Amino acid sequence: KAGGAHERGSLPVVWECDDFGAMEPYAPPAGSVCTSLAGHVTPHFILLIGGKGLRPEATESRRRIVHGPPQQAPLGAPFVPLVIGRGHSTRFWQEVLREDVFQALSREHVVFESPCEGVAVDGAGVVVRSLSAKRPARVYAGPDDDCAIPVPVGKALPLQHGGVVVIFANAEASLWFTLVDFEAIQAPNTGRDVGEAARQMCADIAAPKALCRLPHLAGGAVA
């Protein structure tokens with residue numbers, strides 16, 4: 001496995017990087033902050049994986065997915081869509097998620113992607129689309145938001161820094177992703193190690209209050 005330290009501006013970030021295909025096991029290098037599922041990328045955003053559906057042994061670097069354009073792409077290039085599902089980076093999800101949650105995940109559940117050309121999106125420049133009609137995702141704008149917006153298949157919903165995409169809202173098998181805009185890490189941390197800044201920001205971001213009341217949202221089996 002390969003670890004990378006890529007500079008965006010003058011600040012390096014270190015991540016675990018899969019260079020051997022979606023079915024291979026992972027071996028994070030020392031000092032990893034995040035995991036890249038798309039090889040060497042220029043960091044654009046981080047997805048924090050949260051919920052009770054994670055395996056207790058999943059490390060912090062495995063719970064943070066970094067994504068962006070390919071490292072060799074020109075400045076301002078769009079990033080390759082990041083598809084979340086058990087049919088993509090399968091071994092990674094098997095190692096991070098409990099077996100029941102992994103099996104409940106669709107082969108292609110949601111996708112994080114750049115906006116369509118000509119469509120203006122504020123903030124992180126990331127939109128999310130549901131790919132599963134059976135279990136569409138829901139989005140909270142931030143930790144103080146009590147109202148989840150459904151994301152129907154075929155509709156792209158813009159995400160802001162701190163936005164949360166909920167996959168499963170079951171109290172005992174929850175799974176969600178919190179968006180961390182890489183620019184929000186860089187801007188206030190000029191001259192500081194961005195890896196440490198990323199760790200701190202990821203640790204400080206709270207789940208939406210509504211997710212702390214998950215029995216109110218859903219109960220029973222994974223939903």
Side-chain angles (χ1 to χ4, degrees), residues 34-35 37 44-56 58 60 62-67 81-89 92-94 96-113 115 121-181 184 201-223:
C34 304
T35 297
L37 302 181
H44 188 90
F45 64 90
I46 296 171
L47 291 179
L48 309 183
I49 311 172
K52 293 189 176 180
L54 277 66
R55 294 184 182 273
E60 285 190 352
R62 303 274 184 100
R63 294 170 184 244
R64 303 167 183 158
I65 298 174
V66 65
H67 195 63
L82 176 61
V83 179
I84 304 296
R86 56 186 170 85
H88 296 259
S89 299
F92 171 81
W93 293 113
Q94 286 177 323
V96 170
L97 300 179
R98 286 175 9 203
E99 179 63 20
D100 59 326
V101 177
F102 171 77
Q103 292 299 335
L105 198 64
S106 299
R107 290 187 59 81
E108 294 188 337
H109 209 111
V110 297
V111 57
F112 296 85
E113 56 192 1
V121 176
D122 293 335
V126 180
V127 299
V128 62
R129 287 191 298 115
S130 289
L131 300 177
S132 170
K134 183 179 179 182
R135 297 189 177 100
R138 288 176 282 181
V139 171
Y140 289 90
D144 294 322
D145 190 7
D146 276 328
C147 182
I149 303 173
V151 186
V153 174
K155 179 181 178 182
L157 193 69
L159 291 175
Q160 303 294 327
H161 174 67
V164 180
V165 179
V166 180
I167 306 300
F168 303 130
N170 177 267
E172 298 304 321
S174 54
L175 177 63
W176 64 77
F177 299 93
T178 304
L179 182 82
V180 178
D181 183 359
M201 178 167 284
C202 292
D204 289 345
I205 289 181
K209 294 174 182 176
L211 291 178
C212 298
R213 304 192 297 272
L214 281 173
H216 170 71
L217 294 177
V222 174

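Computed from a prediction, not measured in an experiment: that's the story for all the values here. Because only heavy atoms are used, hydrogens play no part in the values below, and waters and symmetry mates are left out as well, while side chains stay in.
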**Q** Verify, without hydrogens or angle tests, whether Arg98 (side chain) and Lys52 (backbone) share a donor-acceptor contact under 3.5 angstrom.
**A**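 Yes.
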
**Q** Using 0.5 Å steps for rounding, measure from the OG1 atom of Thr35 to the CD1 atom of Ile46.
**A** 10.5 Å

**Q** I'd like to know if the side chain of Thr178 and the backbone of Val164 have a donor-acceptor N/O pair within less than 3.5 Å.
**A** no

**Q** Nearest heavy-atom pair of Val151 and Pro136: which atoms, and what distance?
**A**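 It is O-CB, 3.6 Å.
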
**Q** Which atoms form the tightest heavy-atom contact between Val96 and Ala58, and what is the distance?
**A**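 Closest heavy-atom pair between Val96 and Ala58: O-CB, 4.2 Å.
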
**Q** What are the two closest non-hydrogen atoms of Val110 and Ser130, and how far apart are they?
**A**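 Looks like CG1-CA, 4.2 Å.
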
**Q** Could you measure the distance from the OG atom of Ser106 to the CD1 atom of Ile84? Nearest 0.5 Å is fine.
**A** 12.5 Å

**Q** Please report the closest heavy-atom contact between Arg138 and Ala148, naming both atoms and the distance.
**A**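 Closest approach of Arg138 to Ala148: CB-CB, 3.9 Å.
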
**Q** Can you check side-chain contact (heavy atoms from CB on, under 4.5 Å) on Ile49 and Arg64, steps first, answer last?
**A** CA-CA 6 Å; Ile49 311 172; Arg64 303 167 183 158; over 6 Å; no

**Q** Could you pull out all residues at least two apart from Gln103 that satisfy side-chain contact (heavy atoms from CB on, under 4.5 Å)?
**A** Glu99

**Q** Could you label the plane-to-plane angle of the Phe45 and Phe112 rings as parallel, tilted or perpendicular, counting under 30° as parallel and over 60° as perpendicular?
**A** tilted

**Q** Quick check for you: to the nearest 0.5 Å, what is the distance between Leu37 atom CG and Trp93 atom CH2?
**A** 6.5 Å

**Q** Considering non-hydrogen atoms only, spot the tightest contact between Arg55 and Leu97 and give its length.
**A** NE-O, 2.9 Å

**Q** Do you know the tightest heavy-atom contact between Gln160 and Leu179?
**A**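 Of all heavy-atom pairs spanning Gln160 and Leu179, the closest is O-CD2, 3.5 Å.
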
**Q** Kindly compute the distance separating CD (Glu172) from CG (Asp100), expressed to the nearest 0.5 Å.
**A**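 These two atoms lie 10.5 Å from each other.
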
**Q** Would the distance check show the side chain of His109 and the main-chain N or O of Arg135 forming a donor-acceptor pair, the cut-off being under 3.5 Å?
**A** yes

**Q** Determine, step by step, whether Arg62 and Leu54 satisfy the side-chain contact (heavy atoms from CB on, under 4.5 Å) criterion, reporting the C-alpha distance in whole Å, the side-chain angles of both residues, the deciding distance to 0.1 Å, and the verdict.
**A** CA-CA 10 Å; Arg62 303 274 184 100; Leu54 277 66; over 6 Å; no

**Q** Under the side-chain contact (heavy atoms from CB on, under 4.5 Å) test, which residues partner Pro81, sequence neighbours left out?
**A**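 With neighbours one apart ignored, the set is Val111, Glu113.
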
**Q** Sequence neighbours left out, what passes side-chain contact (heavy atoms from CB on, under 4.5 Å) with Arg107? Give chain and number order.
**A** Arg86

**Q** What's the spacing between Phe177 CZ and Ile65 CD1 if we round to 0.5 Å?
**A**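 Between atom CZ of Phe177 and atom CD1 of Ile65 there are 5.5 Å.
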
